[in-house]
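Have a look at the structure below, then the notes.
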2 protein chains.
Amino acid sequence: MPRSGEAVRQRLQRAALELFTEHGFDQTPVEAIAARAGVTERTFYRHFADKREMLFDGETELRDLLVQAVAAVPHGMKPLPALRAAFHETVPLFERNRPLTEPGVRLIAETPALQERSLAKRALLVNALTDALRARGVNPRTAPLCAQVAMDTFAVATHRWMQEPSVPLHDQLDQAFRELRLAAAALK
Amino acid sequence: MPRSGEAVRQRLQRAALELFTEHGFDQTPVEAIAARAGVTERTFYRHFADKREMLFDGETELRDLLVQAVAAVPHGMKPLPALRAAFHETVPLFERNRPLTEPGVRLIAETPALQERSLAKRALLVNALTDALRARGVNPRTAPLCAQVAMDTFAVATHRWMQEPSVPLHDQLDQAFRELRLAAAALK
DNA sequence: GCTAAAAACGTCAGTCTCTGACGCCAAAGA
DNA sequence: TCTTTGGCGTCAGAGACTGACGTTTTTAGC
């Protein structure tokens, strides 16, 4: 029974995902997760802030990658094209983790408490993108709107990609942003 | 001590808002709210699904009004203009309840648990708008994107309206949608 | 290889949220 | 006046977290 810290964390994640998919999120006490991982309930809360948090581990990684990608976009590019380019940079990350995240998204989709947390994580991403845009010199007033709209477009693209695996995520992204442009063009 | 049901509900809401603004949301047990309202903790949960839910009572009213407004928009209008028109219909509702909702939004802004619930409520609104758009014959595939983007634009407008009360909400709305059009026009 | 600091874990006690079951009492209708 | 219904109180309990403290393991320095 190793005690290296990271091993415990991974055992907790595996145990939680198994129990969640078997009995559901709400019907799985933290005590059961800890027991399957060979650890105490108290240790669970030393690795994760709360029960929901363990389902959203890759979010910080995605956020850092995204912020870095926005900063790396060529100067002079308008906000939405810049964000679209940044999202394209994250495609490999999604394609690589696809089989791993699939049971997670299904769990989130059918658990209201997890949907709330998912939306909160998305809001954190939007805030980070807003700061990244402002760092590029984008109008501080319009930066939040651009970041939010781009994030929604990205979310639509990934959602479609989950349901229709045949179309590459790159194409889903371009398609979604194209629809955004067309819809907005009808405004004036 | 009346026992009419609705009176208890209102006393609970008043007591909660007072205690929340005084000690904060997390530092206010449900037991204290019920005590100030002259009832038991159990009665609180007979009126509200959970502790957060009492802060979001007007959401269903807003949703119904919004769905109805989308349905009432003239035929042939494109999704985003239709949604913009529908949002304009809700302006009186916001202007009327402004002093009442002000302490609520401040509380939500500084309480992560309430932000999560707020985002969840917004997602419900987006789903309702998506259905309303589809009922108008909008492309079922693009309806979610339009509803989401319009909701974000509306949120930006109301947010600015809260901070700069001098500019009417109608103008904030038009301004935000104008920025959306300009930002999206730079995409192709 | 030995020892001391630091990190990880266990144990215990406790608060708070939320739920089910049961009984009581007031109000509305026959 | 009697019955029914709905709102409420009481009780018991599960589950999510947190703080405090002691113990064990790992790491670092000699």
Side-chain angles (χ1 to χ4, degrees), chain A residues 1-57 107-108 110-118 120-121, chain B residues 1-57 107-108 110-118 120-121:
Chain A
M1 192 70 70
R3 202 172 171 177
S4 62
E6 186 57 31
V8 171
R9 184 186 178 90
Q10 291 184 10
R11 286 212 310 273
L12 282 169
Q13 282 183 336
R14 295 177 58 90
L17 214 58
E18 292 172 8
L19 292 172
F20 287 163
T21 54
E22 188 175 356
H23 305 104
F25 179 81
D26 295 315
Q27 277 65 40
T28 304
V30 174
E31 186 182 353
I33 304 173
R36 173 166 293 206
V39 110
T40 311
E41 186 182 353
R42 192 65 182 89
T43 298
F44 177 95
Y45 289 104
R46 289 200 174 93
H47 285 278
F48 304 101
D50 56 67
K51 189 181 172 186
R52 312 175 194 174
E53 200 65 16
M54 70 170 0
L55 271 306
F56 303 92
D57 248 20
L107 204 59
I108 295 173
E110 63 187 13
T111 308
L114 293 178
Q115 288 185 39
E116 288 195 12
R117 180 57 55 89
S118 178
K121 293 295 183 184
Chain B
M1 192 70 68
R3 204 169 168 177
S4 62
E6 185 58 32
V8 171
R9 183 186 178 89
Q10 291 184 11
R11 286 211 310 272
L12 282 170
Q13 281 184 336
R14 295 177 59 90
L17 214 58
E18 291 172 7
L19 293 173
F20 287 165
T21 55
E22 188 175 358
H23 305 104
F25 179 82
D26 294 315
Q27 276 65 40
T28 304
V30 175
E31 187 182 353
I33 304 171
R36 174 168 292 207
V39 292
T40 311
E41 184 183 353
R42 192 66 182 87
T43 298
F44 177 94
Y45 289 105
R46 289 199 174 94
H47 286 277
F48 304 101
D50 56 66
K51 189 181 170 186
R52 313 175 192 173
E53 200 65 18
M54 69 170 0
L55 271 306
F56 303 92
D57 247 20
L107 205 60
I108 295 173
E110 63 188 12
T111 308
L114 292 177
Q115 289 185 39
E116 288 193 15
R117 179 57 56 88
S118 177
K121 292 295 183 184

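Chain naming here is simple, since letters A, B, ... match the order of the sequence lines and numbering starts at 1 in each. Small disclaimer: the values here were computed from a predicted structure and weren't measured.
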Spacing of [X] atom [atom1] relative to [N] atom [atom2], expressed in whole Å:
{"X": "A:D26", "N": "C:dT19", "atom1": "CG", "atom2": "P", "value": "10 Å"}
{"X": "B:F48", "N": "D:dC8", "atom1": "CZ", "atom2": "C1'", "value": "15 Å"}
{"X": "B:E31", "N": "C:dT17", "atom1": "CD", "atom2": "P", "value": "9 Å"}
{"X": "A:R9", "N": "C:dA7", "atom1": "CZ", "atom2": "C1'", "value": "16 Å"}
{"X": "B:E116", "N": "C:dT17", "atom1": "CD", "atom2": "P", "value": "16 Å"}
{"X": "A:E6", "N": "D:dT26", "atom1": "CD", "atom2": "P", "value": "15 Å"}
{"X": "A:F44", "N": "D:dT18", "atom1": "CZ", "atom2": "P", "value": "11 Å"}
{"X": "A:I33", "N": "D:dG15", "atom1": "CD1", "atom2": "P", "value": "12 Å"}

Distance-only donor-acceptor test, B:R42 side-chain atoms vs D:dG7 base atoms, 3.5 Å: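 In this structure, the two groups form no donor-acceptor pair.
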Out of [options], whichever nucleotide has its closest atom nearest the side chain of [X]:
{"X": "A:D50", "options": "D:dC17, D:dC11, C:dG10", "result": "D:dC17"}
{"X": "A:Y45", "options": "D:dT18, C:dG10, C:dT17", "result": "D:dT18"}
{"X": "A:T40", "options": "D:dG9, C:dT17, C:dT11", "result": "C:dT11"}
{"X": "B:V30", "options": "C:dT17, C:dG20, D:dT18", "result": "C:dT17"}
{"X": "A:V8", "options": "C:dC9, C:dT17, D:dG15", "result": "C:dC9"}

Working for salt bridge (charged side-chain N to carboxylate O under 4.0 Å, His left out), residues A:E31 and A:R36: CA-CA 9 Å; A:E31 186 182 353; A:R36 173 166 293 206; over 6 Å; no
If you define the side chain from C-beta out and look only at heavy atoms, does anything of [X] sit under 4.5 Å from [Y]?
{"X": "B:E6", "Y": "B:Q10", "answer": "yes"}
{"X": "A:I33", "Y": "A:F44", "answer": "yes"}
{"X": "B:F48", "Y": "B:R9", "answer": "yes"}
{"X": "A:R52", "Y": "B:E116", "answer": "yes"}

Distance below 4.0 Å between B:T43 side-chain N/O and D:dG7 OP1 or OP2: no
Distance test, side-chain N/O of A:H47 to OP1/OP2 of C:dC9, below 4.0 Å: yes
Toward the 5' end of DNA chain D, by each residue's nearest nucleotide, A:R46 or A:E41: A:E41
